[in-house]
Number of protein chains: 2
Amino acid sequence: MPRSPKQLEEHRKQKKKLIMDVALELFAKGGFHATSISQITRKAGISKGLIYNYFSSKQDMLEEITETAYNEVYKNFDLDKDGVLTNEEFIFFIKETFRIVRENMSFWQLYFALMVQPGIQESFSEKYQEKSKPILNQIYAFLQKNGSTDPEGDLFVLSSLVEGAILYLVVAPDIFPSGKMEDKILQACFRLISTPEAPPKN
Amino acid sequence: MPRSPKQLEEHRKQKKKLIMDVALELFAKGGFHATSISQITRKAGISKGLIYNYFSSKQDMLEEITETAYNEVYKNFDLDKDGVLTNEEFIFFIKETFRIVRENMSFWQLYFALMVQPGIQESFSEKYQEKSKPILNQIYAFLQKNGSTDPEGDLFVLSSLVEGAILYLVVAPDIFPSGKMEDKILQACFRLISTPEAPPKN
DNA sequence: TGTTTATGACTGAACGTTCGGTCAAAAGTA
DNA sequence: TACTTTTGACCGAACGTTCAGTCATAAACA
């Protein structure tokens, strides 16, 4: 249809993105199995067959969507890796987390669905753990630096708190007064990481 | 006539429970839409038709399962209602929560799936909120008693922490060293509810 | 003309659901 | 006791429907 090979590739890229965006939204809202190819094509304004010019199967589509989405997510987490996190960087990290979740609600909805029901995408949990490991390691080091005697356990507690809050944000975004709650979670984090002897001045 | 009505009813009750147990497990593991009636009947050792002597539809089955399961869950939460929670009762409450989750893993897996994807069971989230409201109210009062200046916000933070931990417990039960982590969560709760001026002796 | 995107009617498999019918067991009858 | 009647749990083939995926064809460029 278009002209040069360059333009061609560009066009394919855009079409693929359109399909993936629509599919992600429908998968997130209704679930993978409950969403039909026809629904996707209807909403994307394309034909059924075209899907299979871009993806080899519905399953493949899901995998490409999750792969792309969490690459998108994690490329935003480039705190300088060399040193251990400062307090400011930790605050930034938490705020970034909430910002990213708020801007990719559909993905995070799908994320929880795939976490809870691993049968839908076999390797999702493992892949995700792998991707998030460097970040968790930084938090781990941050906890050690802050005098934690059980950084593993404290990391778990912190993760629970943040993941729980994200779950609320995703499940009930209109109940969640996000500005205030972000601050509350941040405060709670500092309460949890500070050693009992020396409470933080923050 | 044939069997006595008493015997009959008892038998029906048991059969229904068998079907519901099997279905709950499969729904939890594989998801509602991905689980077929045939799978359920195969695992329960019954015929396809029998399902429809006990339930009017697959959807109805899901609704009866969730209704029964969370009645089961909440009947165990009978702390004496009159007064405000003591510290000991609060500790008991958290420990009970984890115990109940550990003993009903399948339900809680399904719970998260239905929370994240409300399309599967329309009224689930609302029904669940209604059931859990009295408990949350008790915690709310407990937070007020403990000097919280923002019990609403603190309740949210506490809920996030506990729900996040439960999510971990459900998603990765073998990674979660449950004994230790329960204690950690409990400690974290007390850190969060204590006023900054007067840290708890616990 | 040759190449590639795009279409949508089509297919076979699998799904939830239905229904005519079977059968073990209890109650009635003698 | 032995035979008949009556019940409802139970079965599984078959139904209509929906699904993911296919393919012959057309349209739009080069």
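Everything quoted here is computed from the prediction, not taken from an experiment.
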[X] [atom1] - [N] [atom2] separation (whole Å):
X: B/Ile51; N: C/dC19; atom1: CD1; atom2: C1'; result: 16 Å
X: B/Arg42; N: D/dC11; atom1: CZ; atom2: C1'; result: 16 Å
X: B/Glu9; N: D/dT7; atom1: CD; atom2: C1'; result: 16 Å
X: A/Lys13; N: C/dT5; atom1: NZ; atom2: C1'; result: 19 Å
X: B/Ile46; N: C/dC23; atom1: CD1; atom2: P; result: 19 Å
X: B/Tyr54; N: C/dT17; atom1: OH; atom2: P; result: 18 Å

- To the nearest 0.5 Å, what is the distance between CG (A/Leu85) and CZ (A/Phe92)? 10.5 Å

- Start at the 5' end of DNA chain D and walk down; is the nucleotide closest to A/Leu50 or to B/Lys15 reached first? B/Lys15

- Using the salt bridge (charged side-chain N to carboxylate O under 4.0 Å, His left out) rule, take B/Glu25 and B/Lys43 through it: C-alpha gap first, then chi angles, then the decisive distance, then the call. CA-CA 10 Å; B/Glu25 202 189 317; B/Lys43 183 151 190 179; 3.2 Å; yes

- Pairing residues for B/Gln144 by the side chain to side chain donor-acceptor pair (under 3.5 Å) criterion, not counting sequence neighbours: none

- Message: Quick check: B/Phe112 with B/Phe107 (ring centres under 6.0 Å apart)?
- Response: no

- Query: Does B/Lys127 NZ have over 12 foreign heavy atoms under 6.0 Å away?
  - Reply: yes

Can you name the atoms? Protein N/O to nucleotides 18-22 of chain D N/O, anything below 3.5 Å, with the distance.
{"residue": "D/dA20", "atom": "OP1", "partner": "A/Thr35", "partner atom": "O", "Å": "3.3"}
{"residue": "D/dA20", "atom": "OP1", "partner": "A/Lys58", "partner atom": "NZ", "Å": "2.7"}
{"residue": "D/dA20", "atom": "OP2", "partner": "A/Ile37", "partner atom": "N", "Å": "2.8"}
{"residue": "D/dA20", "atom": "N7", "partner": "A/Lys48", "partner atom": "NZ", "Å": "3.1"}
{"residue": "D/dA20", "atom": "N6", "partner": "A/Lys48", "partner atom": "NZ", "Å": "3.2"}
{"residue": "D/dG21", "atom": "OP2", "partner": "A/Tyr52", "partner atom": "OH", "Å": "3.0"}
{"residue": "D/dG21", "atom": "OP2", "partner": "A/Lys58", "partner atom": "N", "Å": "2.8"}
{"residue": "D/dG21", "atom": "O6", "partner": "A/Lys48", "partner atom": "NZ", "Å": "2.5"}

- Does a nitrogen or oxygen in the side chain of B/Arg12 sit under 4.0 Å from OP1 or OP2 of D/dA9? yes

- Query: Stepwise, does the side-chain hydrogen bond (donor to acceptor under 3.5 Å, both in side chains) test hold for A/Asn53 with A/Lys15?
  - Reply: CA-CA 11 Å; A/Asn53 278 345; A/Lys15 255 288 152 65; over 6 Å; no

